[in-house]
Participant: 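This is the structure I want to talk about, given as structure tokens.
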Amino acid sequence: MQHLREKDSIIKSIQEHTDRVHRLWIEQGYEHASHEVIQEAKRLGVPFRIIPREAFARKFKGTKSHVFVEHDEVAYAEPGGFLKEISSRQDPVVCAVDGIYDPQNLGNIIRSAACLEIDGIIIPKDRACGITETVAAVSRGGSEHVTVARVVNLARYMSDMKKSGFFCYGLDERGTIPLWEANLTGRVCLVFGNESGLRRLTREACDQVIRINTSPAFPSLNVSNSFAIAVYEAKRQRRLQKTSEKFEVKSSKL
């Protein structure tokens, strides 16, 4: 009876939240007992993997179930509504992260995003990590303070952002302009790739590709570190601009 309730609960979960489910994990030896769950996953296009008992126990410590649903921990912002909302703000800073699979990296990115109060993060729906339980844990609560939009085609979405007045800067060690020489004021979207850099279509969708100057002997920064540095620079430039404008107003009154 317990197994039947569990099976029905899993099926209901993947039916109601298909867009938030990443994968079903099934303990080897329980394929037959989980047949209906597997069939429903196939029908809905939800990926599933059957792994050995020892691997299942290591991966999902403490669970009493033989099936684990890996799903996102947050409800994503609707892309169209997200773009309309951030476009209404004054000088918003948003970031797009493309092709990041490591939940540790994404979790640290969201933690920095919450600390530095950016206006939102954009992630691809496919071939990238979502806001999973691990990501939420690594973010130390940051995922509750950052708006995240998940889009089907990042390059196309960036094109829509540019039509709304955003300037898209790609961050890549092969960029031609140093970060601190780029004008990061106004409506800006900072775009980050994975450890291999920006994917071709994403890179081509950027208005400009910039770099963080590093040691020639060791040029590669972790993407979460690059994220924190670039966002901080954008915030610094905005603060400097506001200070300069206040000074000019005071000077004109003298």
Side-chain angles (χ1 to χ4, degrees), residues 77 82-98 100 105-123 139-149 154 157-193 197-198 202-203 205-216 218-254:
F82 173 76
L83 180 54
K84 184 177 180 180
E85 201 280 324
I86 58 173
S87 297
S88 68
R89 300 184 186 184
Q90 184 176 5
D91 298 338
V93 181
V94 296
C95 298
V97 291
D98 187 27
I100 295 178
N105 276 338
L106 187 57
N108 282 317
I109 282 172
I110 291 174
R111 185 176 182 180
S112 294
C115 288
L116 296 172
E117 297 182 307
I118 71 167
D119 295 273
I121 290 179
I122 305 155
I123 63 174
S139 76
R140 296 293 191 272
S143 58
E144 298 177 12
H145 298 273
V146 179
T147 302
V148 180
L154 180 57
Y157 194 76
M158 288 167 61
S159 178
D160 292 338
M161 292 186 71
K162 289 192 282 188
K163 291 175 184 176
S164 295
F166 281 85
F167 195 92
C168 296
Y169 284 104
L171 272 291
D172 193 290
E173 64 183 65
R174 294 163 291 183
T176 55
I177 299 173
L179 172 68
W180 54 70
E181 290 184 11
N183 181 2
L184 303 180
T185 59
R187 293 183 180 183
V188 167
C189 177
L190 301 174
V191 187
F192 303 83
L198 293 167
T202 305
R203 185 186 181 96
C206 294
D207 292 297
Q208 199 168 65
V209 180
I210 59 180
R211 71 178 187 275
I212 297 172
N213 280 15
T214 53
S215 166
F218 198 83
S220 181
L221 273 171
N222 178 278
V223 64
S224 62
N225 292 331
S226 296
F227 179 93
I229 292 169
V231 172
Y232 188 87
E233 174 63 14
K235 290 288 185 174
R236 186 195 70 82
Q237 289 189 18
R238 280 163 164 68
R239 183 65 178 266
L240 189 64
Q241 183 184 52
K242 287 181 180 179
T243 302
S244 177
E245 288 172 353
K246 287 180 181 179
F247 179 77
E248 288 175 3
V249 169
K250 287 182 179 180
S251 298
S252 65
K253 291 179 178 179
L254 295 176

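All of these numbers come straight from a predicted model, not from anything done at the bench.
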Participant: I'd like to know whether CD of Glu173 has more than 12 heavy-atom contacts from other residues, nucleotides or ligands below 6.0 angstrom.
Facilitator: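 Result for CD/Glu173: enclosed.
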Participant: Backbone N or O of Ala205 within a donor-acceptor pair of the Lys162 side chain at under 3.5 Å?
Facilitator: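 Yes, Lys162 side chain to Ala205 backbone: donor-acceptor pair under 3.5 Å.
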Participant: Can you tell me how far apart CD1 (Ile123) and CG (Leu106) are? Round to the nearest 0.5 Å.
Facilitator: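 Between Ile123 CD1 and Leu106 CG, I get 6.0 Å after rounding to 0.5 Å.
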Participant: Nearest heavy-atom pair of Ala182 and Ile177: which atoms, and what distance?
Facilitator: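 Shortest heavy-atom contact: N-CG2, 4.4 Å.
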Participant: Can you give me the closest heavy-atom contact between Ala228 and Ser112, atom names plus distance?
Facilitator: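 So the two residues come closest at CB-OG, 3.8 Å.
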Participant: For the CG atom of Asp119 and the CD1 atom of Ile86, what is their distance to the nearest 0.5 Å?
Facilitator: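 If we round to the nearest 0.5 Å, Asp119:CG and Ile86:CD1 are 7.5 Å apart.
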Participant: Looking only at side chains, do Gln237 and Glu233 share a donor and an acceptor under 3.5 Å apart?
Facilitator: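 Indeed, the side chains of Gln237 and Glu233 share at least one donor-acceptor pair under 3.5 Å.
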Participant: Okay, side chain of Arg187, backbone of Ser164: is any donor-acceptor separation there less than 3.5 Å?
Facilitator: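 The answer is yes, because a donor-acceptor pair under 3.5 Å joins these two groups.
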Participant: Would Ile122 and Phe82 satisfy side-chain contact (heavy atoms from CB on, under 4.5 Å), going step by step from the backbone distance to the final call?
Facilitator: CA-CA 10 Å; Ile122 305 155; Phe82 173 76; 3.8 Å; yes
Participant: Go through the steps for Phe227 and Asn105 under the test side-chain contact (heavy atoms from CB on, under 4.5 Å), then give the verdict.
Facilitator: CA-CA 10 Å; Phe227 179 93; Asn105 276 338; over 6 Å; no
Participant: Ala230: what forms a side chain to side chain contact (heavy atoms under 4.5 Å, CB included) with it, not counting sequence neighbours?
Facilitator: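 Partners of Ala230 under the side chain to side chain contact (heavy atoms under 4.5 Å, CB included) test: Leu171, Leu179, Leu190, Phe192.
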Participant: For the atom pair CE (Met161) and CG (Leu154), what is the distance rounded to the nearest 0.5 Å?
Facilitator: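 Output value for this atom pair is 9.0 Å.
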Participant: Would you name the heavy atoms of Gly197 and Asp172 that are closest together and state the gap between them?
Facilitator: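 Closest approach of Gly197 to Asp172, heavy atoms only: CA-OD2, 3.6 Å.
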Participant: Specify the closest pair of heavy atoms between Val231 and Cys95, including all atoms of both residues, with the distance to one decimal.
Facilitator: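 For Val231 and Cys95, the tightest heavy-atom pair comes out as CG2-SG, 3.7 Å.
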Participant: Go through the steps to decide whether Met158 and Thr202 satisfy the test side-chain contact (heavy atoms from CB on, under 4.5 Å), and finish with yes or no.
Facilitator: CA-CA 8 Å; Met158 288 167 61; Thr202 305; 4.0 Å; yes
Participant: In terms of side-chain geometry, is the basic nitrogen of Asp91 or Arg238 positioned less than 4.0 Å from the acidic oxygen of its partner?
Facilitator: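 No.
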Participant: Which value, rounded to the nearest 0.5 Å, describes the distance between Ile121 atom CD1 and Ser143 atom OG?
Facilitator: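 Rounded to the nearest 0.5 Å, the CD1-OG separation comes to 10.0 Å.
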Participant: Between Ser88 (side chain) and Glu85 (backbone), is there a donor-acceptor pair under 3.5 Å?
Facilitator: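 Present.
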Participant: Test side-chain contact (heavy atoms from CB on, under 4.5 Å) on Ile100 and Val223; report intermediate values, then the result.
Facilitator: CA-CA 9 Å; Ile100 295 178; Val223 64; 3.9 Å; yes
Participant: Do the side chain of Asp207 and the main chain of Cys168 share a donor and acceptor less than 3.5 angstrom apart?
Facilitator: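 Yes: the side chain of Asp207 pairs with the backbone of Cys168.
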Participant: What distance do Asn225 atom CG and Ile212 atom CD1 have between them, rounded to the nearest 0.5 Å?
Facilitator: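 Going from CG on Asn225 over to CD1 on Ile212, the span is 9.0 Å.
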Participant: Using a 4.5 Å cut-off on heavy atoms from C-beta on, say whether the side chain of Val209 contacts that of Arg203.
Facilitator: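 The answer is yes; the side chains approach within 4.5 Å.
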Participant: Tell me the closest heavy-atom pair linking Lys235 and Glu117, and the distance in Å.
Facilitator: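 Shortest heavy-atom separation between Lys235 and Glu117 comes out as NZ-O, 3.0 Å.
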Participant: Can you see which heavy atom on Gly170 is nearest to which on Leu198, and at what distance?
Facilitator: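 Here Gly170 and Leu198 meet closest at CA-CD1, 3.8 Å.
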Participant: Please determine whether the number of non-hydrogen atoms from other residues, nucleotides or ligands lying under 6.0 Å from atom CD of Glu144 exceeds 12.
Facilitator: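 No, because the 6.0 Å sphere around CD of Glu144 holds 12 heavy atoms or fewer from other groups.
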Participant: Got a second to check how far His145's NE2 is from Ile118's CD1, nearest 0.5 Å?
Facilitator: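 His145 NE2 to Ile118 CD1: 14.0 Å, rounded to 0.5 Å.
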